[in-house]
Student: 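What follows is a structure written as structure tokens; I'll ask about it next.
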Amino acid sequence: MFRHYINNLSRTSAALILFSSLSAQAISLSTYRIYLDNDSSTASFIMFNKEALPQTCELDIVHRGFNEMGKMLRVDDAITPTNSAAPWFRYSPRNFIAAPNLTQTVRFTLRRKANSAAAEYRSYLKVFCDTDEAPVTSESDLDQPKVGVKPHIIQNVPIIVRTGKLNAQVNFSSMHLEGRQLSFTIHRKGNRSVYGTLELVNKKNDEIVDYTRNISLYTETKQLVQHLNTAGIPVNQLALRFVEDEKYGGTIDYRQDVKLN
């Protein structure tokens with residue numbers, strides 16, 4: 001489970017978290033994705049401050065790109081990409097102090113535009129939080145050498161906006177087995193991104209053998225290489241399945257038998 005979680009963070013930027021201290025993450029979020037369309041015109045998530053000190057938080061909109069193989073690309077911050085979601089929504093608050101052990105709700109609202117063409121737009125909500133105060137030290141610590149380090153937490157949450165009805169399809173290819181590890185490629189077609197869970201299923205009893213959550217293939221990405229553990233089950237008894245999350249506009253539930261190439 002932990003392996004899948006870390007892999008997904010680096011691969012999808014669902015939440016890119018940077019630390020400058022060894023302390024645990026101070027601010028937790030109730031979601032790793034924001035989705036808006038004509039039927040779901042509002043969205044929100046909750047931020048919770050787990051620290052004993054207040055956190056000053058700033059929210060901003062940034063952008064990231066991807067290549068055809070799903071590798072993240074940096075973009076020029078001075079240039080707003082044509083698929084930016086920023087013009088399509090409002091959000092608040094943008095600056096606030098998160099009190100210790102309390103929550104803060106951030107709300108999003110779709111900006112409706114007449115006669116807009118069906119398309120998908122994407123931006124990222126950059127969440128930056130910092131402690132307001134330095135930690136209290138005892139007198140016995142005063143003569144000890146110190147490193148002035150405070151936690152700086154940056155999280156980037158994808159924001160997806162869809163205007164109109166869009167379609168996407170997925171399928172699998174290039175299946176190879178090394179020991180118990182099944183390597184394969186998931187392909188995306190269509191005019192929207194896909195987001196969901198990859199599963200390796202035992203066809204005899206429909207039990208899930210292994211899985212990876214939070215898989216994203218954005219509109220720039222045509223394919224993504226993935227790996228799942230067969231647990232020693234013969235591959236002719238296995239099927240790959242991709243299930244989209246309905247909360248984020250997903251409709252795909254695709255299953256394909258494993259056949260080694």
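Below, each value reflects all heavy atoms present in this structure, side chains not excepted, and no hydrogens, waters or symmetry copies.
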Student: Can you list every pair that meets side chain to side chain donor-acceptor pair (under 3.5 Å) and has a residue in residues 166-175, with sequence neighbours left out?
Tutor: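 Sorted result for residues 166-175: Ser173-His187.
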
Student: Take Ser28 and Lys50, measure what side-chain contact (heavy atoms from CB on, under 4.5 Å) needs, and give me the verdict at the end.
Tutor: CA-CA 7 Å; Ser28 64; Lys50 299 184 290 186; 4.2 Å; yes

Student: Pairs in or reaching into residues 83-100: which pass salt bridge (Lys or Arg N to Asp or Glu O under 4.0 Å), with residues at least two apart or in two chains?
Tutor: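 The answer is none; no pair qualifies.
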
Student: Just do the side-chain contact (heavy atoms from CB on, under 4.5 Å) check on Tyr195 and Tyr218 with the steps written out, would you?
Tutor: CA-CA 8 Å; Tyr195 173 77; Tyr218 293 115; 5.8 Å; no

Student: Taking the side chain as everything from C-beta on, heavy atoms only, tell me whether Phe66 gets closer than 4.5 Å to Leu73.
Tutor: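 No, too far: nothing below the 4.5 Å cut-off.
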
Student: So, using side-chain contact (heavy atoms from CB on, under 4.5 Å) as the criterion, who are the partners of Asp76 when residues are at least two apart?
Tutor: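 Only Ala78, Ile79 meet the side-chain contact (heavy atoms from CB on, under 4.5 Å) criterion with Asp76.
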
Student: Carefully, step by step, assess Tyr32 and Val157 under the rule side-chain contact (heavy atoms from CB on, under 4.5 Å).
Tutor: CA-CA 6 Å; Tyr32 293 112; Val157 182; 5.6 Å; no

Student: Tell me whether Leu166 is reachable from Tyr121 by hopping between hydrophobic residues (I, L, V, M, F, W, Y) whose side-chain heavy atoms are closer than 4.5 Å.
Tutor: no

Student: Once disulfide bond (SG atoms under 2.5 Å apart) is applied, what residue pairs with a partner in residues 29-108 remain, sequence neighbours excluded?
Tutor: Cys57-Cys129

Student: Taking all non-hydrogen atoms of both residues into account, name the closest pair between Phe184 and Met175 and its distance.
Tutor: CB-CG, 4.0 Å

Student: Looking only at non-hydrogen atoms, find the nearest pair between Val161 and Ala85 and report the distance.
Tutor: CG2-CB, 3.9 Å

Student: Hey, what do you get for CD (Gln223) to OG1 (Thr221), rounding to the nearest 0.5 Å?
Tutor: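 The CD atom of Gln223 sits 9.5 Å away from the OG1 atom of Thr221.
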
Student: Could you grab the distance from atom CG of Leu217 to atom CE of Met69, nearest 0.5 Å is fine?
Tutor: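 The CG atom of Leu217 sits 10.5 Å away from the CE atom of Met69.
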
Student: Apply side-chain hydrogen bond (donor to acceptor under 3.5 Å, both in side chains) to residues His227 and Ser183 and explain how you reach the verdict.
Tutor: CA-CA 5 Å; His227 311 278; Ser183 300; 2.8 Å; yes

Student: Any donor and acceptor pair, going by atom type alone, linking the side chain of Asp245 with main-chain N or O of Gly249 inside 3.5 Å?
Tutor: no

Student: May I ask whether Val243 and Leu224 are part of the same hydrophobic cluster, defined by side-chain heavy atoms of I, L, V, M, F, W, Y residues being less than 4.5 angstrom apart, directly or through others?
Tutor: no

Student: According to a 4.5 Å side-chain heavy-atom criterion applied to Ile, Leu, Val, Met, Phe, Trp and Tyr, with indirect links allowed, do Ile46 and Ile34 form part of one hydrophobic cluster?
Tutor: no

Student: Is any side-chain heavy atom of Ile186 closer than 4.5 Å to one of Phe242?
Tutor: yes

Student: Mind checking side-chain hydrogen bond (donor to acceptor under 3.5 Å, both in side chains) for Gln256 and listing every partner two or more places apart, or none if nothing turns up?
Tutor: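 Gln256 satisfies side-chain hydrogen bond (donor to acceptor under 3.5 Å, both in side chains) with Tyr254 once adjacent residues are dropped.
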
Student: Below 4.5 Å, heavy atoms only, C-beta onward: do Leu29 and Ile27 meet side chain to side chain?
Tutor: yes

Student: Which pairs, with at least one residue in residues 118-127 and sequence neighbours excluded, count as a salt bridge (Lys or Arg N to Asp or Glu O under 4.0 Å)?
Tutor: Glu120-Arg162, Arg122-Glu220

Student: How long is the straight-line distance from CG of Asp60 back to CG of Asn95, given to the nearest 0.5 Å?
Tutor: 9.0 Å

Student: If you look only at pairs with a residue in residues 37-65, which of them pass as a ring-ring contact (aromatic ring centres under 6.0 Å, His included), with sequence neighbours excluded?
Tutor: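 Qualifying pairs: none.
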
Student: Do the side chains of Leu200 and Leu260 join up, straight or via other hydrophobic residues, at under 4.5 Å, putting them in one cluster?
Tutor: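 Yes, Leu200 and Leu260 fall within the same hydrophobic cluster.
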
Student: Once salt bridge (Lys or Arg N to Asp or Glu O under 4.0 Å) is applied, what residue pairs with a partner in residues 169-197 remain, sequence neighbours excluded?
Tutor: Arg192-Glu244

Student: Check whether any side-chain heavy atom of Asn229 sits under 4.5 Å from a side-chain heavy atom of Val209, and report yes or no.
Tutor: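 Asn229 vs Val209: side chains apart.
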
Student: Hey, could you give me the CD1/OG distance between Ile61 and Ser84, rounded to the nearest 0.5 Å?
Tutor: 8.0 Å

Student: I need the Leu228 CG to Ile208 CD1 distance, nearest 0.5 Å.
Tutor: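 Nearest 0.5 Å value for the CG-CD1 distance: 11.0 Å.
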
Student: Would you give me the side-chain donor-acceptor pairs under 3.5 Å for residues 100-109, sequence neighbours excluded?
Tutor:
none

Student: Between Val201 and Tyr211, is there a shared hydrophobic cluster once you connect ILVMFWY residues whose side-chain heavy atoms come closer than 4.5 Å?
Tutor: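 No, separate clusters.
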
Student: Answer yes or no: is there a side-chain heavy-atom contact under 4.5 Å between Asn156 and Leu125?
Tutor: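 Of all side-chain heavy-atom pairs linking Leu125 with Asn156, none is under 4.5 Å.
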
Student: Using side-chain contact (heavy atoms from CB on, under 4.5 Å), reason through Phe172 and Gln226 one step at a time and then give a plain yes or no.
Tutor: CA-CA 10 Å; Phe172 304 102; Gln226 294 290 291; over 6 Å; no

Student: Kindly indicate whether the side chain of Val258, heavy atoms from C-beta on, has any atom under 4.5 Å from the side chain of Leu182.
Tutor: yes

Student: Does some side-chain heavy atom of Thr230 sit less than 4.5 Å from a side-chain heavy atom of Leu238?
Tutor: yes

Student: Show me the pairs that pass salt bridge (Lys or Arg N to Asp or Glu O under 4.0 Å) and involve residues 194-206, at least two apart or across chains.
Tutor: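 Every salt bridge (Lys or Arg N to Asp or Glu O under 4.0 Å) pair that includes a residue of residues 194-206, provided the two are not neighbours, is Glu199-Arg241, Lys203-Asp257, Asp206-Arg255.
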
Student: Could I get the full list of side-chain hydrogen bond (donor to acceptor under 3.5 Å, both in side chains) partners for Tyr248, not counting sequence neighbours?
Tutor: Thr31

Student: Answer yes or no: is there a side-chain heavy-atom contact under 4.5 Å between Tyr124 and Val62?
Tutor: yes

Student: What side-chain donor-acceptor pairs closer than 3.5 Å can you find for residues 37-44, not counting sequence neighbours?
Tutor:
{"unit_1": "Asp37", "atom_1": "OD1", "unit_2": "Asp39", "atom_2": "N", "d": "2.9"}
{"unit_1": "Asp37", "atom_1": "OD1", "unit_2": "Ser40", "atom_2": "N", "d": "2.6"}
{"unit_1": "Asp37", "atom_1": "OD2", "unit_2": "Tyr35", "atom_2": "OH", "d": "2.7"}
{"unit_1": "Asp39", "atom_1": "OD2", "unit_2": "Lys165", "atom_2": "NZ", "d": "3.4"}

